[in-house]
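Notes follow the structure.
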Number of protein chains: 2
Amino acid sequence: MPPARRRTSISDVARRAGVSVGTVSNVLNRPDRVTPTTRERVEAAIGELQFVRNGSARQLRAGTITTAGAVVLDVANPFFTDVARGIEDRLDEAGYTLMLASSDEQPEREARYLRLFEEHGVQGVMVVPATDDVTHLVDLHDRGVRVVLLDRPSPVEVLSSVAVDDRAGAAAAAAHLLDLGHERIAFLNGPHTIRQCADRSAGLRAALADAGHDPDEAVVEITLATLNADGGQTGTQQVLALADRPTALLCVNDLAALGALRTLRAADVPVPSGMAVVGYDDVAFAAELATPLTSVRQPTHRLGHRAADLLLADDPAPSHVTFQPELVVRASTTGLT
Amino acid sequence: MPPARRRTSISDVARRAGVSVGTVSNVLNRPDRVTPTTRERVEAAIGELQFVRNGSARQLRAGTITTAGAVVLDVANPFFTDVARGIEDRLDEAGYTLMLASSDEQPEREARYLRLFEEHGVQGVMVVPATDDVTHLVDLHDRGVRVVLLDRPSPVEVLSSVAVDDRAGAAAAAAHLLDLGHERIAFLNGPHTIRQCADRSAGLRAALADAGHDPDEAVVEITLATLNADGGQTGTQQVLALADRPTALLCVNDLAALGALRTLRAADVPVPSGMAVVGYDDVAFAAELATPLTSVRQPTHRLGHRAADLLLADDPAPSHVTFQPELVVRASTTGLT
DNA sequence: TTGAAAGCGCTAACAG
DNA sequence: CTGTTAGCGCTTTCAA
């Protein structure tokens, strides 16, 4: 940690150019209001001194900035980076900048970044909440920060949200597996404090119940410690150790499915004859795996784009957008190439 | 874009609690210097008013903050997110926060984010330069911002850098392909303005020359528009259209290799008998693909961790760290499972 | 067109 | 232990 440096300020520039600070500020913000001659002098001074505006001071006066923040569960998950990309693209059009952070599903980390963003006066935040409790987000909203819930429907009217129907996604996967004759399904899921996970669980059970099965019998749900390949690996090991082993495996995301496939291969369990596998998100590599992965596709880019839309909207009234997912069937369930 | 909101300030809190602003500041920063009774009163006021510190003002006084910025080429590339993860982990230990941005290999975008970071007084920046010219980074350094070059060796002594030996990586891939009898290699590379790409090209050619081949004959280099799966797909189509088709394909990263494999499969070109494929980065999914991918592994997490180390170092003297890559051989070159 | 000066919200030095 | 106050760098009236 180096010692605090003394940055050159607007008054250094003013002195150098032989003008007042007000004039420097003018060439910076309203160049037309200043004589070309003096402007050139000031610009020369800026160049020589390598002057860079102090954003904090600027913002302190202005109150807020053209920056938005996003907090997702895991930047290492392609699903979230694709969503972030959608956000960035939309923000870019409006001249806004995105600050991206990852909560790692930890509410404290989420809170920390949210606070950082708020303290620095962002226009708004888009967040995939790490927990079911959104009161802190409502508070944030009440303090004048635009809040858009990402990837999950808002439990409260006042917060905007852009989501994908998670019950439908899980139900589609369930229907497909039932079609193929599977009657016991293991679900490698995240904790139900994450709404998407709770919804997918509900969707899965509802679909099974509709088909005349007892969900408590038909579904073995395992809660993953981490929603990535390592989590999927550990979860799959647990499934394999089960006495009455299910014949199909639904994974909370494709990263977990990757871990599952790896584990099944190591255990010499053929896919799908020994165990059918369904992922979630349909990330880029899903189609290219050793066993191409059946997965629930979500409109990632549009999700992010739309969220940024709501963030930037002139009308502060909250909106709630829900997209529909789509099951993409591949060899990990059908065995067909 | 909502209108500027009036945030509640420290003086609002002071008024409410019936104390001075100095006292409020004290309970915020040095709680021990204030009587428990008044502290409670102030804390109550903070709670009632939902007060949130104004970071800009705070920082304006302090001069700089415990935040670092990182600009990578593409956040959607797992290689970079893994590096970012290494950075974050190290920064976290020191109580620092990371602001992550993606330049998309565009120098203007890189400059924009760098400026944003600098204006907001970050302690330092870690950047994977989008161009070969680093004078703007030297200037940044001269202005007192810590600069660490990520994933490429510094061309100037004064800038710290953390890199992986790109010539060695490409050379290892070349040696492996030569061993297998390949004498013509297509290289799906990025523009040479990106140093890593230039170095890998040089390493590849040098290795071939050392083995007695004429690099101009043995290597067909194709420059990708985008360093991802789409780029790899387009590049591979070009390779397949070549009159004297090479027998091996080296890709600038695993994303491009993913696109290559997809394209080869669509064209019914068997891997590796019709075309051997080597990736770069050895990302998580490389081992799980339909044809497990031979790839050059880089120590991503350590790379980021080390970069953050340099950023945080007490000693401002520049260091230059180079890691060695490691070729991981899989079926996409050997055909063995 | 340019300059002088107030003030954004906060922290820290100094008085009381 | 608490209050007063200067000042961080900038933008923006208001005067000249």
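Keep in mind the model is a prediction, meaning the values are calculated, not measured.
Atom-to-atom, CG of A/Asn54 to C1' of C/dG9 comes out at 14 Å; the value is rounded to the nearest Å. As rounded to whole Å, 14 Å separates atom C1' of D/dT4 from atom CD1 of B/Ile10. One atom, CZ of A/Arg30, and another, P of D/dC10, lie 15 Å apart when rounded to the nearest Å. Going from atom CZ of A/Arg58 over to atom P of C/dG9 covers 17 Å, rounded to whole Å. In this entry the distance linking CG of A/Leu28 with P of D/dG9 reads 15 Å, nearest Å.
For A/Ala57, counting side-chain heavy atoms from C-beta on, the closest listed nucleotide (C/dG9, D/dG9, C/dT11) is D/dG9. Taking the side chain of A/Leu60 as heavy atoms from C-beta on, and the options C/dC10, D/dG9, D/dC10, the nearest nucleotide is D/dG9.
The CZ atom of B/Arg15 lies 9.0 Å from the CG atom of B/Leu49; values are rounded to the nearest 0.5 Å.
In terms of the side-chain contact (heavy atoms from CB on, under 4.5 Å) criterion, residue partners of A/Thr66 (sequence neighbours excluded) are, by chain and number, A/Tyr96. Remark: A/Glu48 engages A/Arg16 in a salt bridge (Lys or Arg N to Asp or Glu O under 4.0 Å) (not counting sequence neighbours). Shown here are the salt bridge (Lys or Arg N to Asp or Glu O under 4.0 Å) partners of A/Asp132, two or more places apart in sequence or in another chain: A/Arg152, A/Arg195. Annotation: salt bridge (Lys or Arg N to Asp or Glu O under 4.0 Å) contacts of A/Arg41 (sequence neighbours excluded): none.
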For residues 74-82 of chain B, which side-chain N or O atoms pair as donor and acceptor with protein atoms under 3.5 Å away, sequence neighbours left out?
{"residue": "B/Asp74", "atom": "OD1", "partner": "B/Ala76", "partner atom": "N", "Å": "2.8"}
{"residue": "B/Asn77", "atom": "OD1", "partner": "B/Phe79", "partner atom": "N", "Å": "2.9"}
{"residue": "B/Thr81", "atom": "OG1", "partner": "B/Pro78", "partner atom": "O", "Å": "3.0"}

Side-chain donor-acceptor pairs under 3.5 Å in residues 302-313 of chain B, sequence neighbours left out?
{"residue": "B/Asp309", "atom": "OD1", "partner": "B/Arg90", "partner atom": "NE", "Å": "2.4"}
{"residue": "B/Asp309", "atom": "OD1", "partner": "B/Arg90", "partner atom": "NH2", "Å": "3.4"}

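In this structure, a donor-acceptor pair under 3.5 Å is present between the side chains of B/Thr226 and B/Asn228.
Identified under the side chain to side chain donor-acceptor pair (under 3.5 Å) test for residues 155-164 of chain A, with sequence neighbours left out: A/Ser161-A/His320.
Between A/Asn29 and the phosphate of D/dT11, there is a side-chain N or O to OP1/OP2 separation shorter than 4.0 Å. For B/Arg53, a side-chain nitrogen or oxygen approaches OP1 or OP2 of C/dT11 to under 4.0 Å.
Axis orientation changes by 40° from one end of the helix from C/dT1-D/dA16 to C/dG16-D/dC1 to the other, with each end axis drawn from 5 pairs and the value rounded to 10°.
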Could you run down the sub-3.5 Å N/O contacts of the protein with nucleotides 1-5 of chain C?
{"residue": "C/dT1", "atom": "O3'", "partner": "A/Thr35", "partner atom": "OG1", "Å": "2.5"}
{"residue": "C/dT2", "atom": "OP1", "partner": "A/Thr35", "partner atom": "OG1", "Å": "3.0"}
{"residue": "C/dT2", "atom": "OP1", "partner": "A/Thr38", "partner atom": "OG1", "Å": "2.9"}
{"residue": "C/dT2", "atom": "OP2", "partner": "A/Thr35", "partner atom": "N", "Å": "2.9"}
{"residue": "C/dT2", "atom": "OP2", "partner": "A/Thr35", "partner atom": "OG1", "Å": "3.3"}
{"residue": "C/dT2", "atom": "OP2", "partner": "A/Thr38", "partner atom": "OG1", "Å": "3.2"}
{"residue": "C/dG3", "atom": "OP2", "partner": "A/Ser20", "partner atom": "N", "Å": "2.9"}
{"residue": "C/dG3", "atom": "OP2", "partner": "A/Ser20", "partner atom": "OG", "Å": "3.1"}
{"residue": "C/dG3", "atom": "OP2", "partner": "A/Thr23", "partner atom": "OG1", "Å": "2.6"}

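B/Arg61 comes within 4.0 angstrom of a base, heavy atoms only.
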